[in-house]
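Okay, structure first, notes after.
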Amino acid sequence: MNLKGRNFLTLKDYTAEEILYLIDLAKELKLKKKRGLPMDTLRGKNIALIFEKTSTRTRCAFEVAAHDLGMGTTYLDPVSSQMGKKESIADTAKVLGRMFDGIEYRGFEQKIVEELAEYAGVPVWNGLTNEYHPTQILADFLTIKEHFGSLEGRKLVYMGDARYNMGNSLMIGCAKLGIRFAACAPKEYFPDPALVAYCEEYAAANGSSIILTEQVTAAVKDADVIYTDVWVSMGEPEEVWEKRINDLSPYKVTASVMELAKPDAIFMHCLPAFHDLKTTIGFEMGTRFGLDDMEVTDEVFLSDASVVFDEAENRMHTIKAVMAATLGAV
Ligand code: CP
Ligand code: NVA
């Protein structure tokens, strides 16, 4: 498998074999790190990390992974670069491409990261856009594989806003790897029909399926994985909170939802999560709307079925695999 020079913008660009290769490479790199073995074969290289939205996991994962591989990192925060404000995306890409060996971008429309990739001349990695979050899916699938020993034939149910980055990317990944996917939400939160049609073709070829349903009980039956994400994503306006809470509250992951799934089902969340009121936004919304939690209860989040911190750790190992493969370290 040779992925040298490739971008990592969406899982649509990657075959099932390539996705599985990256997951297995991450597993190998994780083991190497645990054993304290050196892996700094990319010494002398440097990467730029552009964050137009905030981050804990993705930024730290890119930085730690880059340092483990021997690379230098430069972090460009949401306000202090010229990009977009005084300098076009194309010009920024050309400048950064002259100095860096790879560029990570987290921000808004997918077309921005696509444009960066078109002009940079070095690999560009998507650290989250409105439409996709592909590095998160690698971490999630590594976690599922570690937990159950296999991916193919499993059933993953996504509860909540299924038309945004997480719902979209999980659906693509599941369709390509033969994981049965169900989006469980009110109809207006179903993913874009064109993307569903694209995924259905892959699912049909892999003996898997894509289900879109408003019915919680039917959706979670036989599920191996119950997945959710925040109801309001970064960059969305404050005004949407009330309607989202009203629309998506029936899709909250509770202990009763988990009981309807397989007895050994796991709970997953890309994080950060509103499972209690110990955050500024969680507290504000909890007080305004009379809630103790949002997309998942504290009980489920803290239960033995919850693998959310394994997912968080695996962000680092999988992002390392993406960089190592596309920069030609393996
Ligand atoms: N899951 C994830 O992308 O987390 P951050 O927003 O903290 O990077
Ligand atoms: N859907 C969330 C994912 C965060 C990792 C967001 O875009 O804010």
Side-chain angles (χ1 to χ4, degrees), residues 8-11 26 47 49-66 73 75-78 104-110 112-113 125-144 158-173 183-185 189-192 195 225 227-238 240-241 244-245 247-248 251-253 267-275 278-282 285 294-296 301 306-320 322-323:
F8 192 75
L9 306 180
T10 158
L11 294 177
I47 62 164
L49 305 173
I50 306 172
F51 281 83
E52 298 203 296
K53 290 177 178 168
T54 51
S55 168
T56 297
R57 276 147 292 274
T58 310
R59 176 184 174 180
C60 295
F62 269 99
E63 292 207 15
V64 173
T73 56
Y75 173 71
L76 296 169
D77 72 25
E104 179 275 354
Y105 172 83
R106 163 171 289 199
F108 298 89
E109 292 85 16
Q110 180 70 10
I112 301 176
V113 77
W125 309 296
N126 180 355
L128 177 147
T129 57
N130 296 346
E131 293 89 340
Y132 304 117
H133 196 7
T135 62
Q136 178 73 49
I137 307 318
L138 296 181
D140 296 340
F141 286 0
L142 171 61
T143 309
I144 297 172
Y158 181 88
M159 312 270 296
D161 184 6
R163 65 195 171 170
Y164 218 69
N165 42 28
M166 282 310 306
N168 290 344
S169 292
L170 282 166
M171 180 170 70
I172 301 167
C184 185
Y189 297 89
F190 286 173
D192 175 51
L195 186 62
V225 179
Y227 202 117
T228 192
D229 181 17
V230 290
W231 290 340
V232 177
S233 285
M234 289 183 280
E236 294 199 281
E238 173 87 19
V240 304
W241 273 102
R244 289 290 164 81
I245 288 173
D247 290 349
L248 297 177
Y251 300 89
K252 181 196 298 268
V253 182
F267 169 72
M268 300 184 82
H269 192 309
C270 54
L271 305 183
F274 291 119
H275 58 95
K278 295 176 190 163
T279 61
T280 324
I281 297 175
M285 296 307 158
M294 277 188 261
E295 70 273 13
V296 56
F301 188 87
S306 174
V307 296
V308 296
F309 297 109
D310 293 333
E311 287 176 84
E313 177 189 338
N314 284 338
R315 295 300 307 287
M316 199 280 283
H317 305 296
T318 43
I319 280 172
K320 189 185 283 173
V322 170
M323 291 195 292

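Small disclaimer: the values here were computed from a predicted structure and weren't measured. Whatever order the structure lists them in is the order used to number ligands and atoms, beginning at 1.
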* Could you go through the side chain to side chain contact (heavy atoms under 4.5 Å, CB included) check for S169 and Q136 one step at a time? => CA-CA 9 Å; S169 292; Q136 178 73 49; over 6 Å; no
* Could you give me the CA-CA distance, side-chain angles and deciding distance for M166 and H269, then say whether side chain to side chain contact (heavy atoms under 4.5 Å, CB included) is met? => CA-CA 10 Å; M166 282 310 306; H269 192 309; over 6 Å; no
* **From CA spacing to verdict: side chain to side chain contact (heavy atoms under 4.5 Å, CB included), L128, T58** => CA-CA 9 Å; L128 177 147; T58 310; 5.8 Å; no
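What sits closest to atom 7 (O) of ligand 2 on the protein, heavy atoms only, is N165 ND2, 2.8 Å. Protein heavy atom in closest approach to atom 1 (N) of ligand 2: D229 OD2, 2.6 Å.
At under 3.5 Å, not a single nitrogen or oxygen of R106, backbone or side chain, sits near a nitrogen or oxygen of ligand 2. Residue S233 has at least one N or O atom closer than 3.5 Å to an N or O atom of ligand 2. Between M166 and ligand 2, no N or O atom pair is found at a separation short of 3.5 Å. Taking any N or O of H133, backbone or side chain, none lies under 3.5 Å from an N or O belonging to ligand 2.
Looking at E104 and I319, their side chains never come closer than 4.5 Å, going by heavy atoms from C-beta outward. Using a 4.5 Å heavy-atom threshold, the side chains of R315 and T135 count as touching. Residues Y164 and D229 fail the side-chain proximity criterion, which asks for heavy atoms closer than 4.5 Å.
Figure legend: R59 and Y75 shown as a cation-pi pair, the cationic atom lying under 6.0 angstrom from the six-membered ring centre and within 45 degrees of its axis.
Near L271, meaning under 4.0 Å from any of its heavy atoms, are these atoms of ligand 2: 5 (C). Near M234, meaning under 4.0 Å from any of its heavy atoms, are these atoms of ligand 2: 6 (C), 7 (O), 8 (O).
The side chain to side chain donor-acceptor pair (under 3.5 Å) test applied to W125 returns T326, not counting sequence neighbours.
Of all the heavy atoms of T58, none lies under 4.0 Å from any atom of ligand 2, so neither backbone nor side chain is involved. In L128, the part holding a heavy atom less than 4.0 Å from any atom of ligand 2 is the side chain.
Residue L271 qualifies as enclosed at atom CG: its count of foreign heavy atoms under 6.0 Å is above 12.
Only one option out of E236, Q110, K53 pairs with N130 in a side chain to side chain donor-acceptor pair (under 3.5 Å); it is K53.
When only modelled atom types and interatomic distance are considered, D247 and Y189 share a side-chain donor-acceptor pair under 3.5 Å.
The immediate protein surroundings of ligand 1, defined as residues with any heavy atom under 4.0 Å of it, consist of S55, T56, R57, T58, R106, H133, Q136, C270, L271, R315.
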